[in-house]
Amino acid sequence: MVRQLSTPGPSASRFRQRRQRRLSGLFESANVVGNAKLFYTLGPVTVEGASNLLSSIRYSVSSIDPLGDRRYAPSDLFDAQFRVKMSRLSMIVAQGENLTVFQPQRLFGPGFGLLREEIDNGRAFYVEALVCY
């Protein structure tokens, strides 16, 4: 008696091919990252500006439908700081964060055009007095 082992039919192989797809980038990693920081010091005054740019970040991949993939929208952040050295032991610092009012967004759907969540972080401002003793 000869037995022949069955091979998967066309429907099973199509199912496997559908689950394997090429992603546009690394998972939870931006394809493009840019950072720039500028300093300017004149006597006791120092001014700093920092910019951070990120392309979109894929954070969820659907194994069933590519329209279920989710990603963070590209980000654009700018922070600034102003320092005045009053003496050898004291300094006043004024700082502004998220001056571009960037709001992180999670997108999904066709072309990632549908908004799932948006976080309203707003701007933050600080004034500090530093004293060494």
With side chain to side chain donor-acceptor pair (under 3.5 Å) as the test, would you mind laying out the steps for Gln95 and Glu97 before giving the verdict? CA-CA 7 Å; Gln95 196 171 338; Glu97 295 182 359; 3.1 Å; yes
Audit row: Glu128, Ile92, side chain to side chain contact (heavy atoms under 4.5 Å, CB included) steps and yes/no: CA-CA 6 Å; Glu128 307 166 13; Ile92 295 177; over 6 Å; no
Applying side chain to side chain contact (heavy atoms under 4.5 Å, CB included) to Gln81 and Val47, what does each step give before you reach the verdict? CA-CA 6 Å; Gln81 188 177 79; Val47 178; over 6 Å; no
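Scanning all heavy atoms of the two residues, the minimum distance from Leu77 to Thr100 falls at CA-OG1, 3.7 Å. Annotation for Asp120 and Gln103: closest pair OD1-NE2, 2.9 Å, computed over non-hydrogen atoms. Considering all non-hydrogen atoms of both residues, Ser29 and Ile57 come closest at N-CG2, 3.6 Å. Here the shortest heavy-atom pairing between Phe82 and Val45 reads CE1-CG1, 3.5 Å. Between Arg123 and Asn98 the shortest heavy-atom distance is CG-O, 3.3 Å.
Judged as a ring pair (Phe, Tyr, Trp, His ring centres under 6.0 Å), not a single pair has a partner in residues 114-133 (not counting sequence neighbours).
Residues Asn35 and Asn52 have side chains that bring a donor and an acceptor to within less than 3.5 angstrom of each other.
A search for side chain to side chain donor-acceptor pair (under 3.5 Å) contacts involving Arg106 returns Tyr72, Glu117, not counting sequence neighbours. Under the salt bridge (charged side-chain N to carboxylate O under 4.0 Å, His left out) criterion, Glu48 pairs with Lys37, Arg83, sequence neighbours left out.
Both Leu54 and Tyr59 sit in one connected hydrophobic cluster of ILVMFWY residues. Membership requires side-chain heavy atoms under 4.5 Å apart, directly or through other members.
With rounding to the nearest 0.5 angstrom, the OG atom of Ser90 is 9.0 Å from the CG atom of Leu130. Distance check, rounded to the nearest 0.5 Å: CZ of Phe102 to OG of Ser75 gives 4.5 Å. In this structure, OG on Ser51 lies 9.0 Å from CG on Asp79, to the nearest 0.5 angstrom. From Lys85, atom NZ reaches atom CE of Met91 across 6.0 Å, with rounding to the nearest 0.5 Å.
Judged by distance alone, the side chain of Ser55 and the main-chain N or O of Asn31 form a donor-acceptor pair under 3.5 Å.
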